[in-house]
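First up is the structure itself, then whatever we jot down about it.
By convention here, the first residue in the shown sequence is residue 1. Only this structure's heavy atoms are used, side chains among them; waters, hydrogens and symmetry mates stay out. Keep in mind that what you see is a predicted model, and the values were worked out from it rather than measured.
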Amino acid sequence: MTYLLEHYTVPTNGQQLHVVQCGPMEGPLVVLLHGFPDFWYGWQQQLQALAEAGYRVWAPDQRGYNRSSKPSRIRDYRIEELAADVLGLLAAAGKEKATIVGHDWGAAVAWWLATHRPTFVERVAVLNVPHPAVLARALRHNGRQRRRSWYVFFFQLPRLPEWWLRRRHYKALRRALQGTSRPGTFGHDDMAAYQAAWAQSHALRGMVNWYRAVRYQRHGAASATPITVPVRIIWGSKDAFLLPELAQQSLAYCEQGELFYLPEASHWVQHEEPARVNQLLLEFLEQPSRT
């Protein structure tokens, strides 16, 4: 059965998030969290597959992105606030728990929820972002990772990053997608959709503020507390931004952790290998939880 994509505006945590929903209303809830410079559209090849398997799927534009609220203060993009947005979505859906699937920054939110709010999390799938403690350690001590993460430091500057991202019809953002993925992954229609999202008023500021807000994070954002809920890491080995060994190191923080490398995929793993990613997600969702 094919399900329609339903577009809603959902109030949560003092914000209004645009959420694309799909699947049977009574199905278990799966929340798909995009990263930078994505929006809900980045999950278009997962929404229908999960819905057809019986899940109710919510894919929000996270705060700062596309059609969702874009608060102006950098502090409003702290990881605690981003996670509270997701918890508010669960409440709006009338669900006590959900499976959280996150890519890039969305995976960082998923890691935080699994660590600090496990009672709301059924299980977590993370795509191409390591555990926060692993990434923090790599940025301090691994020169190769620091070179790959140069833009994280550049984004701390005021105003200049927004100008740079906007110039020449979003050339830097287009290159971030098309230049680091397999040829043909992001076609003409895809890029038109992305550029329309980036052109939303104050969107670039909101997107970059996710990075700027790192300066306000509490120490617990990179907590070493063991994660008790099931975790499945899916990692494209040809990631241009993050070293593949960071995925393996992340398992040390998971009591029920699994890692699957996709050797020919890049950072944009769910775009490049949707069939394999969907298979891994559905198998994970159907696994019984260990106690």
Side-chain angles (χ1 to χ4, degrees), residues 2-3 5 20 22-23 30-55 57-60 62 99-111 114 123-131 134-135 148 173-194 197 230-251 254 257-287:
T2 301
Y3 289 89
L5 298 183
V20 174
C22 189
V30 179
V31 180
L32 305 176
L33 302 177
H34 67 81
F36 177 93
D38 227 322
F39 62 114
W40 77 263
Y41 185 88
W43 297 109
Q44 61 174 329
Q45 299 189 80
Q46 283 68 51
L47 280 157
Q48 193 63 230
L50 295 172
E52 290 177 3
Y55 295 95
V57 193
W58 286 30
Q62 298 202 77
T99 292
I100 311 297
V101 181
H103 173 251
D104 190 81
W105 260 112
V109 177
W111 280 118
R123 57 188 67 228
V124 163
V126 294
L127 281 60
N128 278 77
V129 155
H131 186 280
V134 172
L135 182 57
R148 291 194 182 200
L173 288 171
R174 289 186 282 112
R175 181 177 292 174
L177 294 178
Q178 294 180 308
T180 63
S181 59
R182 291 179 191 166
T185 298
F186 296 97
H188 176 78
D189 291 344
D190 298 320
M191 296 313 301
Y194 278 100
V231 176
R232 177 166 287 195
I233 303 171
I234 302 171
W235 196 281
S237 298
K238 294 185 176 180
D239 192 317
F241 309 103
L242 294 158
L243 297 171
E245 57 263 33
L246 303 185
Q248 183 67 45
Q249 295 169 19
S250 298
L251 289 177
C254 306
E258 304 172 291
L259 169 60
F260 292 83
Y261 283 115
L262 277 63
E264 300 304 316
S266 74
H267 184 73
W268 313 106
V269 59
Q270 79 271 33
H271 298 266
E272 294 175 339
E273 299 198 19
R276 179 59 175 149
V277 169
N278 293 348
Q279 178 190 27
L280 288 169
L281 290 177
L282 289 170
E283 288 176 354
F284 182 51
L285 286 164
E286 293 161 7
Q287 282 183 358

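Checked by atom type and distance alone, the side chain of D104 never pairs as donor or acceptor with a backbone atom of G106 at under 3.5 Å. With hydrogens and angles ignored, the 3.5 Å screen pairs no side-chain donor or acceptor of R276 with any backbone N or O of V269. Side-chain atoms of R123 come within 3.5 Å of backbone atoms of F284 as a donor-acceptor pair (strictly under, hydrogens ignored).
Counting heavy atoms from C-beta outward, L242 and W235 have side chains that approach closer than 4.5 Å. Side-chain contact between V31 and P60: present, with at least one pair of heavy atoms (C-beta onward) separated by less than 4.5 Å. For the pair S250 and V134, the minimum side-chain heavy-atom distance is below 4.5 Å. Between V101 and W43 the shortest side-chain heavy-atom distance falls below 4.5 Å. Two residues are said to be in side-chain contact when any heavy atoms from C-beta on lie closer than 4.5 Å; L5 and W40 meet this criterion.
Here the CD atom belonging to E283 is positioned 7.0 Å from the CZ atom belonging to F260, to the nearest 0.5 angstrom. Here the CG atom belonging to L280 is positioned 12.5 Å from the CD1 atom belonging to I233, to the nearest 0.5 angstrom. For the atom pair CG (D38) and CG (L32), the distance works out to 11.5 Å, reported to the nearest 0.5 Å. In this structure, the separation between CG on L282 and CD on Q46 is 10.0 Å, given to the nearest 0.5 Å. Atom CG of residue L251 and atom NE2 of residue H131 lie 11.0 Å apart, to the nearest 0.5 angstrom. Between Q279 atom CD and I234 atom CD1 the span is 10.0 Å, to the nearest 0.5 Å.
No side-chain donor from either of S181 and E272 sits under 3.5 Å from a side-chain acceptor of the other.
In this structure R148 satisfies the salt bridge (Lys or Arg N to Asp or Glu O under 4.0 Å) test with no other residue, sequence neighbours excluded. Residues satisfying the salt bridge (Lys or Arg N to Asp or Glu O under 4.0 Å) criterion with E52, sequence neighbours excluded, are absent altogether.
Aromatic ring orientation, Y41 versus F39: parallel (interplanar angle below 30°, classes split at 30° and 60°). Between W268 and H103, the ring planes lie tilted relative to each other; the angle falls in the 30° to 60° range. Ring geometry for H271 versus F186: interplanar angle of 30 to 60°, hence tilted.
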Original post:
Yes or no on side-chain contact (heavy atoms from CB on, under 4.5 Å) for Q270 and H34, after CA distance, side-chain angles and deciding distance?
Top reply: CA-CA 11 Å; Q270 79 271 33; H34 67 81; over 6 Å; no
Subject >> N278 and L50: CA distance, side-chain angles, deciding distance, side-chain contact (heavy atoms from CB on, under 4.5 Å) verdict >> reply: CA-CA 8 Å; N278 293 348; L50 295 172; 5.8 Å; no
Original post:
Can you check side-chain contact (heavy atoms from CB on, under 4.5 Å) on Q287 and E258, steps first, answer last?
Top reply: CA-CA 12 Å; Q287 282 183 358; E258 304 172 291; 3.5 Å; yes
**OP:** Check the pair L173, Y194 against side-chain contact (heavy atoms from CB on, under 4.5 Å), reporting the backbone distance first and the verdict last.
**Re:** CA-CA 9 Å; L173 288 171; Y194 278 100; over 6 Å; no
